[in-house]
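Data block below; observations after.
In listed order, ligands and their atoms are each counted from 1.
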Amino acid sequence: MTEQVVVLGAGYAGAGAIQRLEDELDATDAELTWVSENDYHLVLHEAHRAIRDPTVEDDITIPVGEIADRSTEFVQATVEGVDTEAQTVALDGGEDLDYDYLLVALGSQTAYYGIPGMEEHALTLKSLDDAMEIHERVTQAAAEASRNDPATIVIGGAGLSGIQSAGEVAELRDERRAPIDVYLVEALEEIMPGQDSELQGAVRKRLEDADVEILTDDPITEADESTIHFDEGDPLDYDVFVWTGGITGQQALDECELENEHNRVTCESNFRTSDDRVFAIGDSAIVDQGDGPAPPTAQAAWQAAEVAGQNVARAINDQPLVTWTYDDKGTLVSVGEKAIAHDVDVIPIRTFNSVPAKFLKKFVAARWIADLTSWPRGLKAWDSL
Ligand SMILES: Cc1cc2nc3c(=O)[nH]c(=O)nc-3n(C[C@H](O)[C@H](O)[C@H](O)COP(=O)(O)OP(=O)(O)OC[C@H]3O[C@@H](n4cnc5c(N)ncnc54)[C@H](O)[C@@H]3O)c2cc1C
């Protein structure tokens with residue numbers, strides 16, 4: 001019997017797993033179907049670049065046809081639900097898709113934590129369209145502002161996406177000599193919460209050097225159409241407000257019976273979920289790593305995809321599954337044209353910046369594109385990364 005294998009999502013997790021599955025299933029009687037809402041892979045961890053320069057689009061989007069073999073059927077559709085009992089995936093405007101084995105790699109969506117007004121008034125950054133909209137809104141606000149009355153751009157949440165977005169807005173301000181004030185606000189005591197204090201300090205310094213105003217240790221309690229309200233501090237009027245303060249699972253998994261936490265599917269370290277026929281990886285999943293889950297990062301999704309692809313093939317062939325252990329290879333953060341590297345494998349200096357960090361950050365992103373396509377494609381993107 002031909003096994004129907006379906007992969008949902010074309011991010012790091014989905015795209016990486018498709019390529020691994022194509023190799024692994026070569027000698028198996030199986031058909032591979034790949035479903036995603038867009039017909040391209042977005043290098044999401046560089047999406048903030050488009051806030052400054054929308055022309056990076058071609059370099060950070062890779063058509064699925066350049067990633068998958070012709071034997072893989074690609075379906076461009078929005079997933080609306082997964083029925084594990086019937087073994088079907090509901091798609092918008094189409095028939096349900098049957099599966100024998102399913103790999104959920106749908107990524108995450110922005111979490112609002114019930115903060116009044118946040119969902120209605122804040123922009124988000126989870127797609128290329130989001131980045132383009134932020135670019136439009138920032139440039140429009142700058143055009144309507146003056147030196148005496150600058151535009152106020154506020155980024156809420158100081159994790160990787162918030163910090164890097166604030167860095168791009170600051171760089172755009174400098175390149176265009178635009179009348180813009182940039183704020184980065186964080187509820188917790190320090191930016192990059194939970195990270196090493198040396199890294200936090202280095203990133204803070206870079207942001208301050210870039211004239212980003214950092215407000216920490218004061219949660220946002222409400223946002224209305226022009227003002228952000230804090231628990232303690234004075235309200236802050238804004239022209240553009242971008243919220244990057246957290247992630248949650250996809251709404252498409254609302255009704256799904258798989259065990260989950262806020263729609264992020266819980267799974268073992270071999271990516272198997274509460275249903276033997278379903279695997280989950282990337283931001284869509286909470287992957288048990290003993291001490292805690294793997295982090296929701298591109299780095300983790302990229303690593304996981306290799307092993308998940310292997311394990312789906314092993315499950316089909318009744319072979320024991322492989323256990324995955326997340327290997328933290330370090331952190332790379334950009335602040336506009338500058339970058340900071342921390343705890344990077346094989347490099348003896350703990351935290352460094354300037355040219356080597358910038359080179360490393362570009363190299364890692366280019367290598368991802370090269371892994372998916374080819375080195376010429378990866379190197380062509382170099383200036384956009
Ligand atoms: C601005 C920014 C900067 C970041 N910087 C870094 C960084 O420096 N380092 C790092 O490691 N991580 C970084 N991250 C986090 C990283 O991008 C994510 O952890 C990573 O993208 C997760 O990969 P994924 O494949 O699970 O999900 P995604 O890359 O989000 O892919 C999900 C896929 O599913 C598709 N999809 C979603 N919902 C549906 C649906 N209902 N139907 C059909 N298709 C759907 C999407 O279109 C997409 O193709 C950053 C994130 C952002 C937003």
Side-chain angles (χ1 to χ4, degrees), residues 6-18 34-51 60-62 64 67 74-82 89-92 94 97 103-110 124-131 134 155 157 159-168 192 203 242-247 249-254 256 263-265 271 280-287 294-305 308 326 328-335 339-342 360-362 364-365 368 385:
V6 174
V7 175
L8 307 180
Y12 302 82
I18 277 290
W34 190 15
V35 183
S36 199
E37 61 195 355
N38 298 313
D39 60 358
Y40 58 80
H41 163 76
L42 171 66
V43 183
L44 183 61
H45 84 282
E46 296 293 343
H48 50 277
R49 302 295 191 190
I51 295 176
I60 62 167
T61 52
I62 303 169
V64 291
I67 298 170
F74 179 76
V75 178
Q76 186 175 355
T78 299
V79 174
E80 293 189 330
V82 171
V89 177
L91 304 178
D92 65 331
L97 197 60
L103 182 60
V104 181
L106 289 170
S108 55
Q109 61 185 54
T110 303
T124 55
L125 180 53
K126 293 299 285 177
S127 68
L128 186 65
D129 287 348
D130 287 348
I134 297 168
I155 315 289
L160 279 171
S161 42
I163 286 165
Q164 298 185 116
S165 298
E168 291 303 312
M192 298 206 81
V203 175
V242 182
W243 175 243
T244 65
I247 61 159
Q250 293 287 7
Q251 205 179 343
L253 300 175
D254 261 353
C256 182
N263 288 357
R264 294 180 67 208
V265 182
F271 310 108
I281 45 170
D283 283 10
S284 267
I286 297 186
V287 186
T297 61
Q299 184 187 162
W302 180 354
Q303 286 178 29
Y326 170 62
D328 186 349
K329 294 184 184 300
T331 305
L332 298 166
V333 191
S334 70
V335 177
I340 297 109
H342 178 76
L360 209 55
K361 174 122 173 80
K362 281 176 178 286
V364 169
W368 166 245
L385 304 172

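Of all the heavy atoms of A300, none lies under 4.0 Å from any atom of ligand 1, so neither backbone nor side chain is involved. Contacts of Q251 with ligand 1, taken as heavy-atom pairs under 4.0 Å, are absent altogether. Counting heavy atoms under 4.0 Å from ligand 1, residue S165 does not touch it at all. With a 4.0 Å cut-off on non-hydrogen atoms, Q164 touches ligand 1 through its side chain and not its backbone.
The ligand atoms of ligand 1 that sit less than 4.0 angstrom from a heavy atom of T78 are 41 (N), 42 (N), 43 (C). The atoms of ligand 1 that sit less than 4.0 Å from any heavy atom of G107 are 26 (O), 27 (O), 30 (O), 32 (C).
Residue P296 has at least one N or O atom closer than 3.5 Å to an N or O atom of ligand 1. Close N/O approach between A301 and ligand 1 is not found [any backbone or side-chain N/O within under 3.5 Å].
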Practice problem: I would like to know whether I247 and R264 meet side-chain contact (heavy atoms from CB on, under 4.5 Å); could you show each step before the answer? | Solution: CA-CA 10 Å; I247 61 159; R264 294 180 67 208; 4.2 Å; yes
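Remark: D39 engages no residue in a side-chain hydrogen bond (donor to acceptor under 3.5 Å, both in side chains) (not counting sequence neighbours). Residues passing the ring-ring contact (aromatic ring centres under 6.0 Å, His included) test with F271 are W324, sequence neighbours excluded.
Nearest heavy-atom pair across K126 and Q109 is CE-CA, 4.2 Å. Nearest heavy-atom pair across A13 and A305 is O-CB, 3.5 Å.
Protein heavy atom in closest approach to atom 30 (O) of ligand 1: L44 CD2, 3.6 Å. Among protein heavy atoms, atom 49 (O) of ligand 1 sits closest to A10 N, 3.0 Å. At the shortest separation from atom 20 (C) of ligand 1 among protein heavy atoms lies Y12 CD1, 3.6 Å. Protein heavy atom in closest approach to atom 37 (C) of ligand 1: L106 O, 3.1 Å. Here the heavy atom of the protein found nearest to atom 18 (C) of ligand 1 is D283 OD2, 3.5 Å. Among protein heavy atoms, atom 35 (C) of ligand 1 sits closest to S36 OG, 3.6 Å. Counting protein heavy atoms only, atom 42 (N) of ligand 1 is closest to V79 N, 2.7 Å. Protein heavy atom closest to atom 10 (C) of ligand 1, with residue, atom name and distance, is A298 N, 3.4 Å.
Under a 4.0 angstrom heavy-atom cut-off, A47 registers as lying outside contact with ligand 1. Using a 4.0 angstrom heavy-atom cutoff, S334 does not count as in contact with ligand 1. Using a non-hydrogen distance threshold of 4.0 Å, H48 registers as a contact of ligand 1.
Within the 3.5 Å criterion, the main-chain N or O of L385 finds a donor-acceptor partner in the side chain of K362. Side-chain atoms of Q303 do not come within 3.5 Å of backbone N or O of Y326 as any donor-acceptor pair.
For W302 and Y12, the gap between ring centers reaches or exceeds 6.0 Å.
Nearest-residue assignment for atom 9 (N) of ligand 1 (options T124, V89, T297, L160; heavy-atom criterion): L160.
Rounded to the nearest 0.5 angstrom, H45 NE2 and Q299 CD are separated by 9.5 Å.
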